[in-house]
Structures are given as C-alpha cells and as structure tokens.
Amino acid sequence: MSVSARLAELGIELPAVVPPVAAYVPAVRTGNLVYTSGQLPMVDGKLPATGKVGAEVTAEQAYGLARTCGLNALAAVHALVGIDNVVRVVKVVGFVASAPGFGGQPGVVNGASELFGEIFGDAGAHARSAVGVSELPLNAPVEVEIVVEVV
C-alpha cells in the first residue's frame, strides 16, 4: 500500500507546508535522505498553544502538538520529493520547551513517533532524541525535525 493510500485510510490529510520564519528552507535532500528543518505545531499559520510544557501547556496537549509537528514535517518532505517516495523514517529529534522539573519529554515526543508508526508501520520505527529546552521559537511548546530515507 502506498503512503498516500495509508494516509487516506487513516483519514489524515497533510497540511500545507509551513513557511519558514527565518533564513532556511523546510526540507533538503542529499542522496537518498531528506532532512527537515525543525517544525513547529503551526495550524493555519498560528500556534494553537504557547508556553512551557508542565506549566502553561499540559503533557497531553504537548503530545498532540508534537503530532502536529510530525504532520508538518511530512508536509515538508512531501512538497520536496512526494510522500510516496518515503522508504522509512530514520531519525526524529523532538525539542520540548520544559518548565522547571518537567521530565516527560519522551512522552511528549511520542506524539510524533506514534504518528509515524501509524502511517509507515515497521518503516516508521526510528532512532530518536527527546530534548528538554528552556525556550523555542515563537514561544512554541514543541518542535520536531525528521530525517527520512527516500527512493
């Protein structure tokens, strides 16, 4: 089954590519790898939530925001090479703007990781880092970047 067919089966529609907020491009291909820039959880040009996870944003909300970041990353890949050319998800890096004492970064970044598992099955299993940080651009709670292998 193609990736686009799997997305349709799941009722998932990739969003439009989020325009860069600084001097970079959403995704770059080198050889058979595509690297995305860090993707914020933008929806229709806006952040649905801002602030630190564990304070203004709950871990559950941040999980959903990480899923949105994952969709935005896939949209950047799709715009560059076409989603059906993705062979596997290789690496996911998630950054979580964390309130002091918040240690649930892995659970938050699962929002993106589990999305990739739903879409790609075994080919969605990936290496990953989930990092707590003090601040993210635009006061976003979460940011996700991915590396995918393509044909």
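Position 1 is the first residue of the sequence, and the numbers go up from there.
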Is there side-chain contact between [X] and [Y], with at least one heavy-atom pair below 4.5 Å?
{"X": "V92", "Y": "V109", "answer": "yes"}
{"X": "L136", "Y": "V133", "answer": "yes"}
{"X": "S4", "Y": "H78", "answer": "no"}
{"X": "I146", "Y": "V77", "answer": "yes"}
{"X": "L33", "Y": "E149", "answer": "yes"}
{"X": "F120", "Y": "V3", "answer": "yes"}
{"X": "Q39", "Y": "V18", "answer": "yes"}
{"X": "L10", "Y": "I119", "answer": "yes"}

Of all heavy-atom pairs between [X] and [Y], which one has the smallest distance, and what is that distance?
{"X": "T68", "Y": "M42", "answer": "CG2-O, 3.8 Å"}
{"X": "P15", "Y": "N72", "answer": "CG-OD1, 3.2 Å"}
{"X": "V53", "Y": "A62", "answer": "CG2-CB, 3.6 Å"}
{"X": "G70", "Y": "L115", "answer": "C-CD2, 3.9 Å"}
{"X": "R29", "Y": "V151", "answer": "NH2-O, 3.2 Å"}
{"X": "V108", "Y": "V96", "answer": "CG1-CG2, 3.8 Å"}

Are [X] and [Y] grouped together when hydrophobic residues (ILVMFWY) are joined by side-chain heavy atoms under 4.5 angstrom apart?
{"X": "V57", "Y": "F102", "result": "yes"}
{"X": "V86", "Y": "V144", "result": "yes"}
{"X": "V142", "Y": "F116", "result": "yes"}
{"X": "V17", "Y": "I12", "result": "no"}
{"X": "V90", "Y": "V81", "result": "no"}

Exercise. Just by distance, with hydrogens left out, do S98 and Q105 show a side-chain donor and acceptor under 3.5 Å apart?
Worked result: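 There is such a pair (donor and acceptor under 3.5 Å, judged by atom type) between the side chains of S98 and Q105.
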Problem set entry | Donor + acceptor pair across side chains of R67, N110 (<3.5 Å) |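 Judged by distance alone, the side chains do not pair up.
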Exercise. Does Y35 OH have over 12 foreign heavy atoms under 6.0 Å away?
Worked result: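 Open: at most 12 neighbouring heavy atoms sit under 6.0 Å from OH of Y35.
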Problem set entry | Within 6.0 Å of CD in E9, more than 12 heavy atoms from elsewhere |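 Yes, the 6.0 Å shell around CD holds more than 12 heavy atoms from other groups.
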Problem set entry | A99: partners by side chain to side chain contact (heavy atoms under 4.5 Å, CB included), with sequence neighbours left out | K52, A55
For this session: Could you pull out all residues at least two apart from A22 that satisfy side chain to side chain contact (heavy atoms under 4.5 Å, CB included)?
Result: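 A22: side chain to side chain contact (heavy atoms under 4.5 Å, CB included) contacts with Y24.
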Starting at [atom1] of [X], measure out to [atom2] of [Y] and round the result to the nearest 0.5 Å.
{"X": "S113", "Y": "Y63", "atom1": "OG", "atom2": "OH", "value": "9.0 Å"}
{"X": "L40", "Y": "L47", "atom1": "CG", "atom2": "CG", "value": "6.0 Å"}
{"X": "E143", "Y": "S37", "atom1": "CD", "atom2": "OG", "value": "9.0 Å"}
{"X": "S2", "Y": "N85", "atom1": "OG", "atom2": "CG", "value": "11.0 Å"}

For this session: Kindly indicate, with the supporting measurements, whether the criterion side chain to side chain contact (heavy atoms under 4.5 Å, CB included) is fulfilled by L14 and L7.
Result: CA-CA 8 Å; L14 292 179; L7 287 168; 4.0 Å; yes
Check: [X] side chain, [Y] main-chain N or O, donor-acceptor pair, under 3.5 Å:
{"X": "R88", "Y": "H126", "answer": "no"}
{"X": "T36", "Y": "E145", "answer": "no"}
{"X": "Q61", "Y": "T58", "answer": "yes"}

